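The chains referred to below are lettered A, B, ... by the order of the sequence lines, with proteins before strands, and numbering in each begins at 1. From a predicted model like this one, the values you see are computed outputs, not experimental measurements.
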Protein chains: 2
Amino acid sequence: MAGKVSERRAALRENLVLIAERIIAEQGLGALRARDLAAEAGCAVGAIYNVFGDLTDLVLTVNARTFHRLGADVAAALADAPQDPVEQLVVMAQAYHRFAAENHLSWRALFDVERPAGQAAPDWYLEEMGHLLTYIADPLAVIFPGRAADEHALLTRALFSSVHGIVLLGLDQASSGVPTDDIDRMIALVLRQITASPQ
Amino acid sequence: MAGKVSERRAALRENLVLIAERIIAEQGLGALRARDLAAEAGCAVGAIYNVFGDLTDLVLTVNARTFHRLGADVAAALADAPQDPVEQLVVMAQAYHRFAAENHLSWRALFDVERPAGQAAPDWYLEEMGHLLTYIADPLAVIFPGRAADEHALLTRALFSSVHGIVLLGLDQASSGVPTDDIDRMIALVLRQITASPQ
DNA sequence: ACCTCATTTGAACGCGGTTCAGTGATAGTG
DNA sequence: CACTATCACTGAACCGCGTTCAAATGAGGT
């Protein structure tokens, strides 16, 4: 039997990811504990380190899946959206909001994981982020056909960041809980206004 | 001598805040250690807990000062700004960006401190945030005199959140470092576009 | 059946926040 | 000034947690 070991390792790996995913989703990144993980997976604590370099590696793997689901949700929203490019932007942004609200702790984990200073973002992150930006850039190209490429890229980034900021602060408990509808209204307000053709 | 003890406590408190402020500014929230703090302040570790409930209390005190400096910077920018309300918004937002860039780690600490779930934000936070929102609301009232009050509040919040998002993601290393000028351009782009009077 | 070597184990390590019994200073009283 | 009751300060010890590594385990080859 050639792959007996690597099979077991792969199974453990998958298992750990699922358990970590559940803990993060239910209790947040801060509640993730190596010993709990091992207990639930029925393995020794050390076994985790046979499969992942450290807990951050495991979290990053979970985050990759979360980010992928997020991208898929936004893409699905775009697929169902009307032809109007402005509405497409609004629908996608509200899908982003919806995902963040429904997967709050998992979504927070995307940003709360501590990255070693000066460390480049992992490839899957850049790739997935690229998809999201493309979803935004396409309708924008329809709305503003005349713009220069660099200004276009800038506006794309600016829109994403703005929506992200609105969702981030809107869902933040410190802001004493902005109602969901208000968040959606803010998103629509900003996007419609920004994309209103000048004079 | 009546206040000998409380004098010393106050001095220690002030000292600890200054040291913590420096460590956070230079090395980030994650580098803050109770033992280092005690060593630098020339006191026992336990003494910290005579003055602050825990390290988070100390960090929150530092954050209050940081947030206050931030508010003062934005207010100063507003004072020097031209009369045009749109330009006032742009100048303030760029002051926000400038502060975040020049005090990156202290600014991050404002959001990275772990708040116990379901805990209300401290008073100073709400108050200072209120100031910032007022600075935004005033020019907006000039630009959009006809809007309903609730829509006004929503737009105020939305603008703040958008600028915050642009600065947050722009300064984030994971985004592979957006140039400072690009961040300022995104801010100006978004604000001018949003505040462009419709039709 | 025996040996060999990779894999897995879980007790132990180091670190860091927090505590608390012991020590020392303080201020009120004779 | 001496005495003492009270309170603050000290820092060694506690606990939880990520991570490691010497020892146990077991799989594959002869």
Side-chain angles (χ1 to χ4, degrees), chain A residues 1-17 19-24 26-63 105 109 112-117 119, chain B residues 1-17 19-24 26-63 105 109 112-117 119:
Chain A
M1 304 196 186
K4 194 75 165 290
V5 168
S6 56
E7 253 177 51
R8 216 177 7 194
R9 274 168 101 106
L12 176 60
R13 191 184 161 89
E14 187 66 15
N15 204 6
L16 285 172
V17 170
I19 294 168
E21 202 164 36
R22 216 203 53 239
I23 292 176
I24 290 174
E26 290 176 359
Q27 301 167 252
L29 184 58
L32 195 68
R33 231 125 295 198
R35 282 165 180 79
D36 295 351
L37 227 40
E40 271 208 61
C43 70
V45 270
I48 297 171
Y49 296 88
N50 295 334
V51 176
F52 295 98
D54 54 23
L55 279 201
T56 300
D57 271 5
L58 171 53
V59 173
L60 287 177
T61 304
V62 171
N63 279 354
L105 294 175
D112 288 350
V113 62
E114 51 180 323
R115 281 166 280 116
Q119 189 86 9
Chain B
M1 306 197 184
K4 196 74 168 288
V5 168
S6 57
E7 255 177 48
R8 217 174 11 193
R9 273 168 102 104
L12 175 61
R13 191 184 161 88
E14 187 66 16
N15 203 8
L16 285 172
V17 170
I19 294 169
E21 201 163 39
R22 216 203 52 240
I23 292 176
I24 291 175
E26 290 175 359
Q27 300 166 251
L29 185 57
L32 197 67
R33 231 123 294 196
R35 284 165 179 78
D36 296 351
L37 225 42
E40 270 208 63
C43 69
V45 271
I48 298 171
Y49 296 88
N50 294 334
V51 177
F52 294 99
D54 55 23
L55 279 201
T56 299
D57 271 4
L58 171 51
V59 173
L60 287 176
T61 304
V62 171
N63 279 355
L105 295 175
D112 288 349
V113 61
E114 51 180 322
R115 280 165 283 117
Q119 189 86 8

> Between Leu16(A) and Ala41(A), what is the shortest heavy-atom contact and its length?
Replying inline: CD2-CB, 3.7 Å

> Given dC9(D), dG17(C), dT10(D), which nucleotide is nearest the side-chain atoms of Ala44(B)?
Replying inline: dT10(D)

> Who passes side-chain hydrogen bond (donor to acceptor under 3.5 Å, both in side chains) against Arg35(B), sequence neighbours left out?
Replying inline: none

> Checking all strands, does Leu32(A) fall into the base, sugar-phosphate, or nothing category for heavy-atom contacts under 4.0 angstrom?
Replying inline: sugar-phosphate

> So which of Leu37(B), Leu29(B), Leu60(B) actually passes side-chain contact (heavy atoms from CB on, under 4.5 Å) with Leu55(B)?
Replying inline: Leu37(B)

>> Can you measure Glu114(B) atom CD to dC17(D) atom C1' for me and round it to whole angstrom units?
In response: 14 Å

> Rounded to the nearest 0.5 Å, what separation is found between the CG atom of Leu32(A) and the CZ atom of Arg22(A)?
Replying inline: 11.0 Å

> Near DNA chain C, under 4.0 Å by heavy atom, which residues of residues 46-59 of chain A?
Replying inline: Gly46(A), Ala47(A), Asn50(A)

> Once you round it to whole Å, what is the distance between P of dC15(D) and CZ of Arg33(A)?
Replying inline: 17 Å

>> Please give me the minimum heavy-atom distance between Glu40(B) and Ile23(B), naming the atom from each residue.
In response: OE2-CD1, 4.1 Å

> Below 4.0 angstrom from OP1 or OP2 of dG16(C), is there any side-chain N or O of Arg35(B)?
Replying inline: no

>> If I compare all heavy atoms of Phe52(A) with all of Thr61(A), which pair ends up nearest, and what's the gap?
In response: CE2-OG1, 3.6 Å

> Tell me: CZ of Arg9(A) to P of dG26(D), nearest whole Å?
Replying inline: 17 Å

> Which residues pass the side-chain hydrogen bond (donor to acceptor under 3.5 Å, both in side chains) test with Arg33(A), sequence neighbours left out?
Replying inline: none

>> Just to verify, what does Ala38(B) make a side-chain contact (heavy atoms from CB on, under 4.5 Å) with, not counting sequence neighbours?
In response: Cys43(B), Val45(B), Ile48(B)

> Is Leu37(A) touching bases, backbone alone, or none of the nucleic acid, heavy atoms closer than 4.0 Å?
Replying inline: nothing

> Of Val45(A) and Val45(B), whose closest DNA chain D nucleotide lies nearer the 5' terminus?
Replying inline: Val45(B)

>> So, using side-chain hydrogen bond (donor to acceptor under 3.5 Å, both in side chains) as the criterion, who are the partners of Glu114(B) when residues are at least two apart?
In response: none

Quick one: which protein N/O atoms are closer than 3.5 Å to N/O atoms of nucleotides 22-25 of chain C? Pair and distance per line, please.
none

